[in-house]
Amino acid sequence: MADTITTRAKDFPEWYQDVIRAADLAEPAIVVKGAMVIKPNGYAIWEKIQRELDNRFKATGHKNAYFPMFIPESFLKKEAEHVEGFSPELAVVTIGGGKELEERYVVRPTSETIIGHFFNKWIKTHRDLPMLINQWANVVRWELRTRMFLRTSEFLWQEGHTAHATHDEALAEVLRMLDVYADFAENVMAMPVIRGEKTMNEKFAGALKSYCIEGLMQNGWALQAGTSHDLGQNFGKAFDVKFQNLAGQSEYVWQTSWGVSTRLIGGLIMTHSDDAGLVCPPKLAPYHVVIIPIFKTPEEKAATSAVGAKLAEDLKAKGLSVVFDDRDDRPGSKYFEWERKGACCRVEIGPKDLEKKSYAFKRRDVEKKEFAPLDGAVAHITGQMEQMQKDLFNKAKAFRDASTKQVDSWDAFKAMHEGPGGFASCHWCGDGKCEAQVKEETKVTIRCIPLGNPKESGACIKCGRPSAQRVLFARAY
RNA sequence: CGGGGUGUAGCGCAGCCUGGUUCAGCGCGCCACGCUUGGGACGUGGAGGUCGGCGGUUCGAAUCCGCCCACCCCGACCA
């Protein structure tokens, strides 16, 4: 068959590529190395992600703004750790209008520095705080190795940037936005995530601390789905962002930044999809309902189409995305096509249904096809969409939970990651060298120290030294 | 950037070792018409390719040689 999809069991990365192609979500740009084209079906998902998140950002008091894509190279150099972290992956503009530039521009890999520059201008007193800004933008990081949605040289994201009068307040913001991400991931993407703190090795270059949400993909690898950073006063000092406090003294602001990207779409695919193609939770699906009339004669076509088109209108009125597919093709062929593309459910209306006043209903994530009365179809279908949203989350969570294991011996640790993968909850002494050694030997990294982690004494999985808590290890994208 | 793999029609591939009348082919998809339509129908006709690119060897290159490019996998780096 054309559009064949490799099975997950045979070759997971190949399957991932196949699903993207079969669902027509995106393709590698090729003419621009490491870049991708997000096609309409894929971009529709991104637009829904944007809408959902943007509503949540607005609800938490943030306002959107836009800063230049070109950043003076000197800005990057103002924060030592930041420049060190990003310099290998920068794209730099040296010529403009045919002339060598006086100062080179970097194409933004992230906007902490240029926003720091403007915060310096905008913030004068404690009355200007908190400053709560979000930007929807593209960023460029010159990656050596790319995978569609998960890592491309250019990608789309949002980056929140805030400034506060106290560290406590900034930290509260960091955790509040982490919660927004977690809520979005679980309730909209139906992707269960662990909230946690990054180790010093894994944190954002320039941050005091980084927090993250981590999901687990079907191949047992973790995916960092969102990050929220406590920047402390690092950028405040680098860009001299000061405010006058109540006592009349000048203080550096405390800043945060947080972001999610089009990588989420990769996470969505690897969380829910199956060997037949894309599976998408209703809250993000480009297509909710596909209605297919079944007929033999022109009279039957007219009759089933009339009922189908009417149902389509009724469902659209409920805010669902509906396709009425009366193309001249075999029904079975249509079924497979819409399954590949991740339509949440399918409705068939045939001559027998007209007699029985029924319709056939098939949910993308459920094996069995059922027949239901046409009366109340709208309520039934909208109800099923809500149920599907919950079922996908529960299924993913069951997988995640079953793939999360407490591991207390190095042999078991190695065996787990040579085998099925998953989250290994292990004791860790807290030494970054130990962490690096584990990574070198097994490619497994510490994904996070879960928030609210219970204290428990034990021995480090690698070196055996005393440990106060377990952390989550996994192979990661 | 190192190691491995792959580039031939939209997708999946054969042909390459042993250069030339099986060398521009196959399956699926696509277009037209007919017939069909409750899980990938069928028939007839048709469109579609600088064989990844450049250079070389040769009377002759998809095929041999060199260089380059892109994509995929594994590493280093990372949302």
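Worth knowing before you read on, the calculation uses all heavy atoms, side chains too, and leaves out hydrogens, waters and symmetry mates. All chains are named by letter (A, B, ...) in the order of the sequence lines, taking the proteins before the strands, and each is independently numbered beginning at 1.
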Distance, [atom1] atom - from [M] to [N], rounded to whole angstrom:
N     : M     : atom1 : answer
B:C72 : B:C67 : P     : 24 Å
B:C64 : B:G46 : C1'   : 37 Å
B:C11 : B:G2  : C1'   : 32 Å
B:U22 : B:A32 : C1'   : 30 Å
B:U6  : B:C13 : P     : 12 Å
B:C33 : B:C73 : P     : 43 Å
B:G29 : B:G40 : P     : 13 Å
B:U8  : B:C16 : C1'   : 11 Å

Fill in the blank from the handout: Here RNA chain B, pairs taken as Watson-Crick or G-U under 3.5 Å and shown with ( ), [ ] when crossing and | when to another strand, reads ((((((((.[[[[.)....(....]]]].(((((.......))))).....[[[[[..)....]]]]])))))))....
Are any of [X]'s side-chain N or O atoms less than 4.0 Å away from OP1 or OP2 of [N]?
X        : N     : answer
A:Arg475 : B:G75 : yes
A:Lys439 : B:C77 : yes
A:Arg330 : B:A41 : yes

Exercise for the section: Measure the acute angle between the ring planes of A:Tyr359 and A:Phe361, then classify it against the limits of 30° and 60° as parallel, tilted or perpendicular. Expected result: perpendicular
Practice task
Just say parallel, tilted or perpendicular for the rings of A:Phe473 and A:Phe413, cut-offs at 30° and 60°.
Solution key: perpendicular
Problem - Partner set under salt bridge (Lys or Arg N to Asp or Glu O under 4.0 Å) for A:Lys78, not counting sequence neighbours - result: none
Exercise for the section: Show your working on ring pair (Phe, Tyr, Trp, His ring centres under 6.0 Å) between A:Tyr477 and A:Tyr16 and close with a plain yes or no. Expected result: CA-CA 13 Å; A:Tyr477 278 101; A:Tyr16 175 73; 7.4 Å; no
Handout entry: Contact nearer the 5' end of RNA chain B, comparing A:Glu143 with A:Ala35
Key = A:Ala35
Completion exercise
By nearest-heavy-atom nucleotide on RNA chain B, the more 5' of A:Arg263 and A:Asp18 is A:Asp18
Exercise for the section: Assign A:Lys301 to base, sugar-phosphate, or nothing according to its heavy-atom contacts below 4.0 angstrom with the strands shown. Expected result: nothing
Exercise for the section: May I ask you to say what A:Asp11 touches in the nucleic acid, namely base, sugar-phosphate or nothing, with a heavy-atom cut-off under 4.0 Å? Expected result: nothing
Practice task
Assess whether one donor atom and one acceptor atom, taken from the side chain of A:Arg21 and the base of B:G10, lie less than 3.5 Å apart.
Solution key: no
Exercise for the section: Examine the base of B:G10 for any acceptor or donor lying under 3.5 Å from a partner atom in the side chain of A:Glu27, and report the outcome as yes or no. Expected result: no
Practice task
Identify which one of A:Arg56, A:Arg176, A:Arg195 satisfies the salt bridge (charged side-chain N to carboxylate O under 4.0 Å, His left out) criterion when paired with A:Asp183.
Solution key: A:Arg56
Problem - Sole residue of A:Thr60, A:Asn134, A:Thr256 in side chain to side chain contact (heavy atoms under 4.5 Å, CB included) with A:Met177 - result: A:Thr60
Handout entry: ring-ring contact (aromatic ring centres under 6.0 Å, His included) involving A:Trp136 - partner list, sequence neighbours excluded
Key = A:Trp46
Problem - Ring centroids of A:Phe336 and B:G40 base under 5.5 Å with planes under 30° - result: yes
Practice task
Decide, applying a 5.5 Å centre-distance limit and a 30° plane-angle limit (both strict), whether A:Phe155 stacks on B:A79.
Solution key: yes
Problem - Spacing of CZ belonging to A:Arg108 relative to CE belonging to A:Met69, to within rounding of 0.5 Å - result: 6.5 Å
